[in-house]
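Worksheet: the structure to be examined is printed underneath.
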Amino acid sequence: MAQKEKDALSGVETTGHEWDGLRELNNPLPKWWLYIFYVCIAWSLVYYVLYPAWPLGKSYTKGLLGYSQREELMQKVADGKKAQEKYLTAIAATSVEDIQKNKDLLAFAMAGGRSYFNENCAACHGAGGQGAKGFPTLADDVWLWGGTSADIYKTIQHGIRADDGDTRGTVGIGMTAFGRDGILNREQIGQVAEYVLSLNKRSTDAAAAEKGKTVYEENCAACHGDSAQGSVAVGMDVGAPPLVTANWLYGGDKATLVETITNGRAGVMPAWSKRLDDATIKSLAVYVHNLGGGK
């Protein structure tokens with residue numbers, strides 16, 4: 001260890017450390033700093049006595065004041081629920097159509113619906129309802145099961161091909177797998193894919209598209225419509241997307257169309273009535289209906 005000495009100019013003892021000819025002086029800490037340090041020590045001792053502080057195995061010291069942040073939080077949550085109770089009760093007793101006619105209920109349902117949507121729906125449908133591959137957009141006008149607020153409410157309640165007695169569609173059954181089930185051969189599937197592309201002005205084989213028109217009329221028009229305008233379930237659980245809007249759930253390139261026609265599609269959505277209460281589902285329905293695409 002370096003020998004200690006006093007600095008010739010200041011008379012302060014050095015620490016014995018030296019860097020490039022510069023010696024470190026051993027100046028005492030400022031009095032104000034020491035006083036604050038001592039006060040902090042004293043305050044910590046008082047805190048240990050008054051508030052929860054030390055762990056004791058599975059418990060902890062409770063403190064003389066018996067304060068608990070957890071209890072404070074739970075009380076705030078209870079107070080918040082109590083403040084919301086009248087709105088939640090009113091929403092549960094009101095139809096989704098009438099909720100949208102009531103300014104106060106609509107504002108409350110939209111605020112709650114946004115939160116519920118982010119917690120339960122955004123993972124699949126996107127934060128703004130923009131959808132993703134295999135998950136439909138909720139901000140456009142394409143609704144296979146109806147786009148009114150009542151239709152959306154029913155869809156959220158019972159899901160699509162879900163484990164629910166009133167679910168939309170039939171569990172495990174969706175679009176026919178024309179290739180896998182041997183209804184169409186590979187050539188016919190390619191032709192009808194070209195026809196669908198031609199409806200969107202993207203076909204590269206006019207002759208195949210012309211033949212595909214006949215295949216379409218015989219196999220696809222019953223669901224998708226004569227002009228591929230799609231159909232919405234009305235009175236029965238049958239709905240098919242339009243094929244002329246460039247709104248593709250799984251993709252609109254030829255390879256994806258061939259895959260879809262060959263193997264079919266049967267998307268599934270959970271029945272949220274088994275997870276969420278009625279007021280929450282109604283708030284969700286109102287929120288989704290107002291994303292921009294509701295009927």
Side-chain angles (χ1 to χ4, degrees), residues 96-97 113 117 120-126 128-178 181 183 192-193 195-197 199-200 216-217 219-253 256-273 281-282 284-295:
V96 285
E97 295 94 339
F117 186 90
N120 300 282
C121 314
C124 293
H125 293 286
Q130 73 272 21
K133 184 176 182 179
F135 302 100
T137 300
L138 303 179
D140 60 19
D141 293 324
V142 180
W143 297 90
L144 299 191
W145 310 101
T148 67
S149 54
D151 290 329
I152 297 170
Y153 171 60
K154 181 178 178 181
T155 299
I156 298 172
Q157 269 188 312
H158 304 297
I160 299 170
R161 303 183 186 91
D163 182 18
D164 184 286
D166 295 315
T167 191
R168 303 285 206 172
T170 304
V171 177
I173 299 177
M175 175 182 166
T176 303
F178 288 95
D181 293 344
I183 300 172
V192 77
Y195 175 67
V196 172
L197 289 172
L199 295 175
N200 295 271
Y216 176 90
E217 292 171 347
N219 297 274
C220 314
C223 292
H224 292 282
D226 294 336
S227 57
Q229 76 276 11
S231 62
V232 177
V234 178
M236 58 179 180
D237 282 332
V238 175
L243 304 177
V244 291
T245 61
N247 189 315
W248 302 100
L249 186 54
Y250 297 95
D253 59 282
T256 303
L257 290 175
V258 167
E259 179 187 355
T260 298
I261 299 166
T262 300
N263 297 308
R265 300 290 184 182
V268 176
M269 172 181 160
W272 289 98
S273 59
I281 293 175
K282 285 181 177 177
L284 272 171
V286 170
Y287 176 73
V288 170
H289 185 262
N290 285 277
L291 281 176
K295 299 290 186 180

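Treat the numbers as computed from the prediction; the structure is a model and nothing was measured.
A donor-acceptor contact shorter than 3.5 Å links the side chain of Arg161 to the backbone of Ile173. Using modelled atom types, no side-chain atom of Ser149 and backbone atom of Val286 make a donor-acceptor pair closer than 3.5 Å. Looking at His125, its side chain does come within 3.5 Å of a backbone N or O of Pro136 through a donor-acceptor pair.
No more than 12 heavy atoms of other residues, nucleotides or ligands shown are found within 6.0 angstrom of CG on Asp163.
Taking CG of Asp141 as the reference point, atom OG1 of Thr245 lies at 10.0 Å (rounded to 0.5 Å). Between the OH atom of Tyr153 and the OG atom of Ser273 there is a distance of 9.0 Å, given to the nearest 0.5 Å. To the nearest 0.5 Å, the span separating CG on Asn200 from CH2 on Trp248 amounts to 5.0 Å. A distance of 10.5 Å separates NE2 in His224 from CD in Gln229, rounded to the nearest 0.5 Å. Atoms OH and OG1, from Tyr250 and Thr256 in turn, are 11.5 Å apart once rounded to the nearest 0.5 Å. Going from atom CD of Glu217 over to atom CG of Asp226 covers 7.5 Å, rounded to the nearest 0.5 Å.
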Using the rule given for side chain to side chain contact (heavy atoms under 4.5 Å, CB included), can you reason through Leu138 versus Trp143, listing the C-alpha separation, both sets of side-chain angles and the distance that settles it, and then say yes or no?
CA-CA 8 Å; Leu138 303 179; Trp143 297 90; 4.3 Å; yes

Apply the test side chain to side chain contact (heavy atoms under 4.5 Å, CB included) to residues Arg265 and Glu259: give CA-CA distance (whole Å), side-chain angles for both, the deciding distance (0.1 Å), then the verdict.
CA-CA 9 Å; Arg265 300 290 184 182; Glu259 179 187 355; 3.9 Å; yes

The test is side chain to side chain contact (heavy atoms under 4.5 Å, CB included); show your working for Trp145 and Lys154 and say whether it passes.
CA-CA 9 Å; Trp145 310 101; Lys154 181 178 178 181; over 6 Å; no

I'd like to know whether Asp181 forms a side chain to side chain contact (heavy atoms under 4.5 Å, CB included) with Thr176, so could you lay out the CA-CA distance, the side-chain angles of the two residues, the decisive distance to 0.1 Å, and finally the verdict.
CA-CA 8 Å; Asp181 293 344; Thr176 303; 4.2 Å; yes

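Across all non-hydrogen atoms, the minimal contact from Gly147 to His289 is O-CD2, 3.3 Å. Closest approach of Ala132 and Cys124 over heavy atoms only: CB-O, 4.1 Å. Counting all heavy atoms, side chain and backbone alike, Asp151 lies closest to Thr148 at OD2-OG1, 2.9 Å. Contact record, Leu257 with Gly251: CD2-O, 4.2 Å, taken as the closest heavy-atom pair.
Applying the side-chain contact (heavy atoms from CB on, under 4.5 Å) test between Asn219 and each of Ile261, Ile183, Val192 identifies Ile183 as the sole match.
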